[in-house]
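To start, the structure itself, in structure tokens.
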Amino acid sequence: MATDNHRVARLLYELGALSERLYDRSRRFRANAYRRAADAVANHADDVLLMTVEELTALPGVGSGTAARIDEIRRTGTIARLEELRALDPYGAEELLRVPGLGPRTVARLRDALDVRDVAGLRAALDAQRVRTVRGLGPATEQRLRAALRDLDLDAEADDTSLPIVDAVGHATRLTRLVRRLDGVVSVSWAGDLGRTSDTVGTIDLVAAASEPARVLRAATAMPAVRDGADVAESAVTLHSFEGPGVRLTVVPPGRLGPALIHATGSPGHWRQLARLAAARSLRLAPDGLHGVDGDLIATPDADAVYRALDLQPVPAEQRDGTDEVALAREGRLPLCAAVGDLRGDLHDHTDWSGDGRMTLRQLLDAAVERGWAYVAVTDHAEDLRINGLDRDAMRRQRDEIRSLRAAYDGLAVLHGAELNIGADGTVDYDPDFVAGYDWTVASVHSLFDLAVPTQTARVVAAIRNPAVHAIGHLTGRRIGRRPGIQLDVDAVLDACAETGTALEVNCHLDRLDAPADILRAAAGRGVVVVISTDAHRLGDLDNHRWGVRLARRGRVPREQVANTWPVERFLEWTRSS
Ligand SMILES: [Zn+2]
Ligand SMILES: [Zn+2]
């Protein structure tokens, strides 16, 4: 391996990461191009600094722009643009960039004019009313920033330095790909918050299996995405990436993977209960493996093997929360939850008939066939949603088009539906006769998020009691890390669902994961019917069932209670009767 290649790869990776971090997401494409190029360079056998620009562009993933950057590194030892970005002090500015409404440009201005370098400095400058003296900023900016800092304080009280899972997953996916490619790595799994599919992620916990862990740990600190590695221990290392939260990488030999995964996924309470059960069987459960009476290692290549060795039903990662799951597993009473392969359809999908949908009706139906679904519901926005909603005429025309398409999609039941808007008083769009014409309806809250609990609850319960409503979409309306959910009397809402048979949706969007796990758990206990829906607006969203399935597992929803696991006849009969 040419040693210069690592240095070059790192510079390219950092350039991509910083331009995305310091500017906006529109740079993501270019950032990804740099990441890909970094990868190609790191894995290339010959020294890239000895190659011509023409030879460089022949490498997969290296375009002419990147080749020019590499040439620049050859001539000057660095990349001028990267030095500019570094001068913005991206790592020091991190704290300031987390203040809502504070972008890199303003951060740079505040630093240059007032020497503001962190949130404390910003607070002092606001108190002294000095922010308004900076060109381009004024008293209105001061007011806005003060409000933003107050919000930030509230977040801090909630002890949250963690990232919404939707953001963490992007980082984790890239890192997983890099680790998987290291020499000798057999597998890489997500543990910790990601393994449990928590709403937010503090540390990205990865657990890899490899026969020579020490070698992999050393190689990992040299990955292009990594700024530096710290706390290198026998089987784990903390990595600071150029982007995203900290990373904890644990590497163990394949036969010890089970305990390492369970230990890294937590919770501490769950681990303690398992260790106690092991001790009662004269076994010793440690992060480095399960040991027998004589100290010999009992091979446990996955988590399930550990549970089996302890005479337990396997506890899925999403349920390892240290409550009563171990007790239930001892009695074999953990519910059987749905897997992605159990889902036979999707019941909340937008097409380009809605202003915000990005796939055509045919594309949606083709994708449904490709996935082997037996049914799919087209649920474009209804008219009360001003920008994206469809009026009656458009809905009638869509219904006709679906009718004419059905002949071409013979193994697929295509339901014409709508995503109705729950109004202030709980009524929905159109009039009851028109709404009764749909095969399937999802009703959701898209407005008035701040109503008092009794009013909000009455509003949602009225929608649940509406005989034309089949399911309640994204119950709380939360956007993780951006908008809290509406406040509801959850018991009253779930009782109404149980009583009327109206289903509760598990919305698969990673920034929603709505209804939240604790509500799902309560719903499961009451026998409420659940649907796991992607709420797809584009084709790629149709793969999001995997997230909803994990959320439903966190909520311990039994598969039997998930309506879109049912065979088509049963499902259709249910939609007609409920
Ligand atoms: Zn919606
Ligand atoms: Zn929707």
Side-chain angles (χ1 to χ4, degrees), residues 166 343 345-361 363-365 367-368 375-391 394-395 398 402 414-424 426-430 435 438-451 456 459-460 462-464 466 468-480 482-486 488 493 502-516 519 530-545 547-548 551 563-564:
V166 66
L343 301 183
D346 198 35
L347 301 168
H348 184 164
D349 293 285
H350 298 271
T351 70
D352 57 5
W353 285 69
S354 289
D356 58 353
R358 293 284 173 275
M359 55 185 162
T360 66
L361 199 45
Q363 282 176 322
L364 169 62
L365 303 189
Y375 39 93
V376 67
V378 180
T379 57
D380 278 314
H381 288 293
E383 66 180 358
D384 292 353
L385 197 64
R386 283 282 172 73
I387 314 170
N388 298 317
L390 274 65
D391 62 18
M395 278 294 184
Q398 188 183 47
I402 286 175
V414 185
L415 287 80
H416 184 234
E419 180 175 12
L420 303 168
N421 303 287
I422 303 179
T427 57
V428 296
D429 318 58
Y430 314 113
V435 174
Y438 287 109
D439 304 321
W440 169 262
T441 63
V442 180
S444 317
V445 167
H446 289 127
S447 62
L448 304 171
F449 294 97
D450 296 326
L451 300 180
Q456 196 71 277
R459 176 190 185 200
V460 173
I464 292 169
N466 183 333
V469 170
H470 292 96
I472 299 297
H474 47 73
L475 177 68
T476 75
R478 70 173 180 169
R479 289 291 178 96
I480 299 169
R482 279 168 44 208
R483 182 173 79 202
I486 57 174
L488 289 167
V493 166
T502 301
L504 187 63
E505 177 185 270
V506 170
N507 191 292
C508 299
H509 279 291
L510 263 183
D511 63 339
R512 289 189 182 271
L513 295 180
D514 194 9
I519 295 183
V530 165
V531 289
I532 300 178
S533 299
T534 64
D535 189 3
H537 285 69
R538 53 191 74 232
L539 283 170
D541 294 344
L542 294 171
D543 294 326
N544 286 349
H545 270 157
W547 305 120
L551 173 58
N564 53 326

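Nothing here was measured: the structure is a model prediction, and the numbers come from that model. All ligand and atom numbering here is 1-based and tracks the order in the structure.
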Practice task
Could you check Asn507 against Asp514 for side chain to side chain donor-acceptor pair (under 3.5 Å), going step by step and ending with a plain yes or no?
Solution key: CA-CA 5 Å; Asn507 191 292; Asp514 194 9; over 6 Å; no
Handout entry: Test salt bridge (Lys or Arg N to Asp or Glu O under 4.0 Å) applied to Asp543 - qualifying residues, sequence neighbours left out
Key = Arg371
Practice task
Could you point out which residue of Arg478, Arg479, Arg483 forms a salt bridge (charged side-chain N to carboxylate O under 4.0 Å, His left out) with Asp511?
Solution key: Arg479
Completion exercise
Under 2.8 Å from the Zn ion (ligand 2), the protein N, O or S atoms found are His348 NE2, His350 NE2, Glu419 OE1, Asp535 OD1
Exercise for the section: For Asp541, enumerate each residue passing the salt bridge (Lys or Arg N to Asp or Glu O under 4.0 Å) test, keeping only those at least two apart in sequence or located in another chain. Expected result: none
Practice task
On the 0 to 90° scale, with breaks at 30° and 60°, tag the Trp440-His470 ring pair as parallel, tilted or perpendicular.
Solution key: parallel
Handout entry: Residues that Arg459 engages under salt bridge (Lys or Arg N to Asp or Glu O under 4.0 Å), provided they are two or more places apart
Key = none
